[in-house]
Structures are given as structure tokens and as C-alpha cells.
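Below is one structure, written out as C-alpha cells; comments come after it.
None of these values were measured; they are calculated from a predicted model.
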Amino acid sequence: MSKNYNSNLAGPVILVSQPIKYTFPFSYAYLSGYLKQRGEDVRILFRPILGSLDGLVKEIMAAKPLLVGFGSLYPELKIISELVNKLDRAGRKFPIVIGGQMVSPIPEFAMKITGADFGVLGEGEITLFKLVKALRDKKDTHGISGLIIRTSEGMLSTGPGDFIEDLSGLPPIPYELFPEEKWVPIGRYFTDRAQPHWRFNDRVIPVHGGRGCPFSCNFCYHHSKFRFRPIKDMMEEAQKQLERFNGNMLYFGDDLVLSDPERTRELTRALG
């Protein structure tokens, strides 16, 4: 790490998300679910849409966390840098971890801009849990694959990380960490766009169906092989959440849910 920290070894893992808008944050959902499944105390905080970040900084500092994680898309590097600077000025004693699509393509740059201590490359569930466990046990982190680590000599990459091979092994999503009133009615965010399938009063249930990509586009980056989630698992989860949250619409959160013709037919039959 960039300096010696004295984290609260019994403290929670705090993950800070951008405000929920347009889509359910599956990345934070599965990261937190994987950690909770293994007995970790995980808290999700949300950045304010407008105004000062000081309240969020105070909430983080008061929690005395083991670590704090940030992640999302490339344009968020600046605001995360501002948050890290504010935490530094407040006297943080815990490491900062960054991940997501803003890190994997440009890890050294993302670390430099944000001032983070660790970056997670590719899928984060397994790597983040190993990092959390190492910090709690006061073990060396250099042997954990899938990290970029800030050291006194510069940035150290530990190579490609592990990922969940079989998506039937995804952890249950801890929906209680995500305010229902923010993500269930996401259709209202789309009503100013020419997409008539979105309606203001819909109660939308998100479904995750796959990861990775089978293609090799030269404008993109790749961090894991293409995997589908079993349709049976998807439909069982969808039915459960439709009932739990009184939903009337399903939203598939992965870009390639219809990439395979036979799977598309199977999914259509399951929906029927």
C-alpha cells in the first residue's frame, strides 16, 4: 500500500456506488452478496446526486471500515479522486479499493488519478473477498491474483484474477442493501426518451443472465470468457422477486442476453 494503515480489523466493508438511476447495480449486488455469503459485514453507500460530499465522508469515517471500495465507469474517476482526497484530509486509516470498467482497461492510470491503494482487475467477487480476508488476517496481499497494488516502488500487477466459472454459483443478491424505492420504479427515468416499453409506474425486476463476451472487437477490452447463467435459475429468481416486490416487468441487465439463437428460443419459452 502507499502507506501503513491501521484499519479497524473488525470493521465493515463499505462499497460506495453512484446513485441508482436507469439500472439496478448488479456489480455492487454480487460483490456484496459474495462477501455476505462468506460472513462479511458489508454496507452499500450511495453518493449524493448533487451537493457536497462531506456528509458521505463523515458517514464513512464514522463507520471505521476495514476498507472502502469504489467502482463504475471511466467518467467517474474524477469524483472518486475528490472523495479519496476528502477522506485523506479527514485522516483515513483504511485502504481504498477501486474496480469496474474504469479500472480494468487502464489500471495504472485509474490508480494514479484516484490515489487508490488497490485496483481489482476483471470480475471482482473472488479477488475482493481474498483481499478482505488477507487484510483481516494481516496477511500479505501480493500473492492475490487480479490486483494492481500501489507500492513504494510504483504499481505492482499480480496478473489475471479468478472469476466465477459456473454462474449457477452466483450468490443471492442482498436486496435489503439497495433502497427499493430507488431501483424498482426505474421506468420513470426513461419516460423522457423514445422507448415506449418503459412506463412511469412500472415496477421493474432486474434479471442477470450472463458475463463476458464471445467477440473480439478491436475497440473493446476483454476480462473473462463468455458464460451464460442457467435459464432455470434466472426464471426462479425472477418469479421470487416479482412476488416480493410486486413487480410487473422484467429487465435483463446483460447486453448479450439474446446472443445465442437457441438460448433465445429457450428463454422465450420460459417467459411464456
Point-to-point distance, once rounded to the nearest 0.5 Å, from [atom1] of [X] to [atom2] of [Y]:
{"X": "Ile96", "Y": "Thr114", "atom1": "CD1", "atom2": "OG1", "answer": "8.5 Å"}
{"X": "Asp260", "Y": "Glu266", "atom1": "CG", "atom2": "CD", "answer": "9.0 Å"}
{"X": "Arg188", "Y": "Lys21", "atom1": "CZ", "atom2": "NZ", "answer": "11.5 Å"}
{"X": "Ile173", "Y": "Tyr34", "atom1": "CD1", "atom2": "OH", "answer": "15.5 Å"}
{"X": "Ile149", "Y": "Ile144", "atom1": "CD1", "atom2": "CD1", "answer": "7.0 Å"}
{"X": "Ile148", "Y": "Ser104", "atom1": "CD1", "atom2": "OG", "answer": "10.5 Å"}

Which atom names give the shortest non-hydrogen contact between [X] and [Y], and what distance separates them?
{"X": "Leu167", "Y": "Pro230", "answer": "C-CD, 4.2 Å"}
{"X": "Met235", "Y": "Ala270", "answer": "CG-CB, 3.7 Å"}
{"X": "Ala134", "Y": "Asp140", "answer": "CB-O, 4.3 Å"}
{"X": "Gly212", "Y": "Arg227", "answer": "N-NH2, 4.2 Å"}
{"X": "Ile205", "Y": "Ala238", "answer": "CG2-O, 4.5 Å"}
{"X": "Pro179", "Y": "Ile20", "answer": "CD-CD1, 4.5 Å"}

Ionic contact status for [Y] with [X], cut-off 4.0 Å:
{"X": "Lys130", "Y": "Glu125", "result": "no"}
{"X": "Glu40", "Y": "Arg136", "result": "yes"}
{"X": "Glu123", "Y": "Arg211", "result": "yes"}
{"X": "Asp117", "Y": "Arg92", "result": "yes"}
{"X": "Lys78", "Y": "Glu82", "result": "yes"}

* Contacts of Lys240 that satisfy side chain to side chain donor-acceptor pair (under 3.5 Å) - sequence neighbours left out ->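 With neighbours one apart ignored, the set is empty.
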
Which residues share a salt bridge (Lys or Arg N to Asp or Glu O under 4.0 Å) with [X], sequence neighbours left out:
{"X": "Arg89", "answer": "none"}
{"X": "Arg43", "answer": "Asp41"}
{"X": "Lys139", "answer": "none"}

Going by heavy atoms in the side chains, are [X] and [Y] under 4.5 Å from each other?
{"X": "Lys225", "Y": "Glu165", "answer": "yes"}
{"X": "Leu15", "Y": "Leu128", "answer": "yes"}
{"X": "Val97", "Y": "Val120", "answer": "yes"}
{"X": "Pro107", "Y": "Leu121", "answer": "yes"}
{"X": "Asn201", "Y": "Pro185", "answer": "no"}
{"X": "His142", "Y": "Leu156", "answer": "yes"}
{"X": "Gln18", "Y": "Ile79", "answer": "no"}
{"X": "Phe94", "Y": "Leu135", "answer": "no"}

* To do: For a ring-ring contact (aromatic ring centres under 6.0 Å, His included) with Phe24, tell me which candidate from Tyr189, Tyr175, Phe245, Phe252 qualifies.
  => Tyr175

* **Pairs meeting criterion salt bridge (charged side-chain N to carboxylate O under 4.0 Å, His left out) with involvement of residues 198-209, two or more places apart** => Glu180-Arg203, Arg199-Asp202

* Do any pairs count as a salt bridge (charged side-chain N to carboxylate O under 4.0 Å, His left out) and have a residue in residues 46-59, sequence neighbours left out, and if so which ones? -> Arg47-Glu76, Asp54-Lys86

* With a 6.0 Å cut-off on ring centres, are Trp198 and Tyr251 close enough? -> yes

* **Intermediate values then yes/no, side chain to side chain contact (heavy atoms under 4.5 Å, CB included), Trp183 and Thr23** => CA-CA 7 Å; Trp183 64 265; Thr23 186; over 6 Å; no

* Starting from the C-alpha separation in whole Å, work towards a yes-or-no answer on side chain to side chain contact (heavy atoms under 4.5 Å, CB included) for Ser32 and Ile44. => CA-CA 8 Å; Ser32 56; Ile44 306 292; 4.0 Å; yes

Donor-acceptor pair, side chain of [X] and main chain of [Y], under 3.5 angstrom:
{"X": "Ser81", "Y": "Leu77", "answer": "no"}
{"X": "Ser145", "Y": "Gly159", "answer": "no"}
{"X": "Ser7", "Y": "Leu66", "answer": "yes"}
{"X": "Arg150", "Y": "Ala116", "answer": "yes"}
{"X": "Thr141", "Y": "Leu131", "answer": "no"}
{"X": "Tyr28", "Y": "Val16", "answer": "yes"}

* Give the ring-plane orientation class for His208 versus Phe26, where under 30° counts as parallel, over 60° as perpendicular and anything between as tilted. =>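 Taking Phe26 first and then His208, their aromatic rings sit tilted (interplane angle of 30° to 60°).
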
* Asked: Which of parallel (below 30°), tilted (30 to 60°) and perpendicular (above 60°) describes Phe46 and Phe178?
  -> perpendicular

* Check the pair Glu237, Gln241 against side chain to side chain donor-acceptor pair (under 3.5 Å), reporting the backbone distance first and the verdict last. => CA-CA 6 Å; Glu237 180 185 278; Gln241 305 315 324; 5.8 Å; no

* Derivation of the side chain to side chain contact (heavy atoms under 4.5 Å, CB included) call for Val68 and Val13 -> CA-CA 6 Å; Val68 173; Val13 175; over 6 Å; no

* Asked: Going hydrophobic residue to hydrophobic residue with side-chain gaps under 4.5 angstrom, can you get from Ile186 over to Phe200?
  -> no

